[in-house]
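Here is the structure we will look at.
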There are 2 protein chains.
Amino acid sequence: MPKHVGEGSGSTDAALDSVFHALSDPTRRQVVERLGQGPATTSDLARPFDMALPSFTQHLHVLERSGLVTSEKKGRVRTYRLATQPLERVDTWLAVQRARWTRRLDQLDALLYDLKEQQR
Amino acid sequence: MPKHVGEGSGSTDAALDSVFHALSDPTRRQVVERLGQGPATTSDLARPFDMALPSFTQHLHVLERSGLVTSEKKGRVRTYRLATQPLERVDTWLAVQRARWTRRLDQLDALLYDLKEQQR
DNA sequence: GGGATAGTTAGGCACATGCCTAAGCATGTG
DNA sequence: CACATGCTTAGGCATGTGCCTAACTATCCC
């Protein structure tokens, strides 16, 4: 069982696992992009793709299981919506990484400055 | 062959595929977090994980193929460094999504405002 | 030069993934 | 009521993934 080496529980968060996994496929990323423009039905979402409907629906299932989208069925039509919280979680994780390497660069900068001062 | 539905080529970018895939695993995310604190050798990186070394090295290969890390061998020691550009690409993709759903919410806001004005 | 250290390569296994077709179900329409 | 539409479920297949052990190679050190 791996032990935590980073900050917080985010890095081992199963939710981040599934969100990154969901976004690792171009079809699913394009679905997320489309839903950013507003809700859409299964047929609407599937239309641009040259893929069998059951294959495409599997991608929607992956997105829903990861929490990136939610769906609601009315009659025979299922409508999907983007759920932004998982994307915000990815954003938070990235911000923590950026702060980390930026801090390191700042420290390197300060070190170089000190070395230059000593050489005067 | 899926046709583009989103903006730009980013969503179908194979590089984004592999970056998101690399980050979909908790072990690899922890490696990225550790490298944010500075370069480290294979042994350094592997130490916190209860995993056979060849298994762990495969994770490093996935990270390197995705471009998230680079490595350099000196003697028998291989040192890894974080390469931040792929994380910036993820950040860019997220920013585009956020702008998209924020724009949609702004439009919805404006619409509601207009409807309320009409009811006066 | 032999042993230790750091890492690599090869092959295997169980399971996951991403596509397919076929068949079926629920709802809507003329 | 028969047909159309929207979607679901089931099963299959080829490939990929994430772990393992065993054996090996390259480098370092006493």
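Since this is a predicted model, take the numbers as computed values, not measurements.
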Task: Gap between atoms CG and C1', on A:Asp17 and C:dT17 respectively (whole Å) - done: 16 Å
Open item on the list: Base contacts versus sugar-phosphate-only contacts with protein, heavy atoms under 4.0 Å: please encode nucleotides 19-30 of chain C as B, S and - from 5' to 3'.
Closed with: BBBB----BS--
TODO: Could you check how far CZ of A:Phe20 sits from C1' of C:dA16, rounded to whole Å?
DONE: 20 Å
- [ ] May I ask which nucleotide in the shown strands pairs with C:dG30, Watson-Crick or G-U wobble, both distances under 3.5 Å?
- [x] D:dC1
Open item on the list: Under 4.5 Å between side-chain heavy atoms, counting indirect links through other Ile/Leu/Val/Met/Phe/Trp/Tyr residues: same cluster for B:Leu35 and B:Val77 or not?
Closed with: no
- [ ] Write down the distance between CG (B:Leu60) and P (C:dA6), rounded to a whole number of angstrom.
- [x] 15 Å
Task: side-chain contact (heavy atoms from CB on, under 4.5 Å) against A:Pro54, all qualifying residues, sequence neighbours excluded - done: A:Ala52
Enumerate, atom names and distances included, each donor-acceptor pair closer than 3.5 Å involving a side-chain atom of residues 55-69 of chain B, sequence neighbours excluded.
{"residue": "B:Thr57", "atom": "OG1", "partner": "B:Leu53", "partner atom": "O", "Å": "2.9"}
{"residue": "B:His59", "atom": "ND1", "partner": "B:Arg28", "partner atom": "NH1", "Å": "3.0"}
{"residue": "B:Glu64", "atom": "OE1", "partner": "B:Ser71", "partner atom": "OG", "Å": "3.4"}
{"residue": "B:Glu64", "atom": "OE2", "partner": "B:Ser71", "partner atom": "N", "Å": "3.1"}
{"residue": "B:Glu64", "atom": "OE2", "partner": "B:Ser71", "partner atom": "OG", "Å": "2.9"}
{"residue": "B:Ser66", "atom": "OG", "partner": "B:Leu63", "partner atom": "O", "Å": "2.8"}
{"residue": "B:Ser66", "atom": "OG", "partner": "B:Leu68", "partner atom": "N", "Å": "3.4"}

- [ ] Tell me whether the OP1 or OP2 atom of C:dG18 has a side-chain N or O from A:Arg28 closer than 4.0 Å.
- [x] yes
- [ ] Just grab all the ring pair (Phe, Tyr, Trp, His ring centres under 6.0 Å) pairs involving residues 13-34 of chain B, residues at least two apart or on different chains.
- [x] A:Phe20-B:Phe20, B:Phe20-B:Trp93
Task: Length of the line joining A:Leu23:CG and C:dT17:P, which is rounded to integer Å - done: 14 Å
Task: Euclidean distance, atom NE2 of residue A:His61 to atom P of D:dC7 [Å, nearest integer] - done: 11 Å
Open item on the list: What is the separation between atom CD on A:Glu72 and atom C1' on D:dG6, rounded to the nearest whole Å?
Closed with: 16 Å
Task: Contact under 4.0 Å: A:Thr57 side-chain N or O vs D:dC7 OP1/OP2 - done: no
Task: N-O pairing of B:Asp17 and A:Arg29 below 4.0 Å - done: yes
Open item on the list: Does B:His21 reach a base, just sugar-phosphate, or nothing at all? Heavy atoms under 4.0 Å.
Closed with: sugar-phosphate
Open item on the list: Taking side chain to side chain donor-acceptor pair (under 3.5 Å) as the definition, give me every residue that meets it alongside B:Arg98, ordered by chain and number, with sequence neighbours left out.
Closed with: A:Asp91
- [ ] Tell me, please, which residues at least two apart from B:Arg104 pass salt bridge (charged side-chain N to carboxylate O under 4.0 Å, His left out).
- [x] none
Task: B:Leu63 CG to D:dT17 C1', straight-line distance once rounded to whole Å - done: 14 Å
Task: Whole angstrom value for the distance that separates P of D:dT5 from CZ of A:Arg47 - done: 12 Å
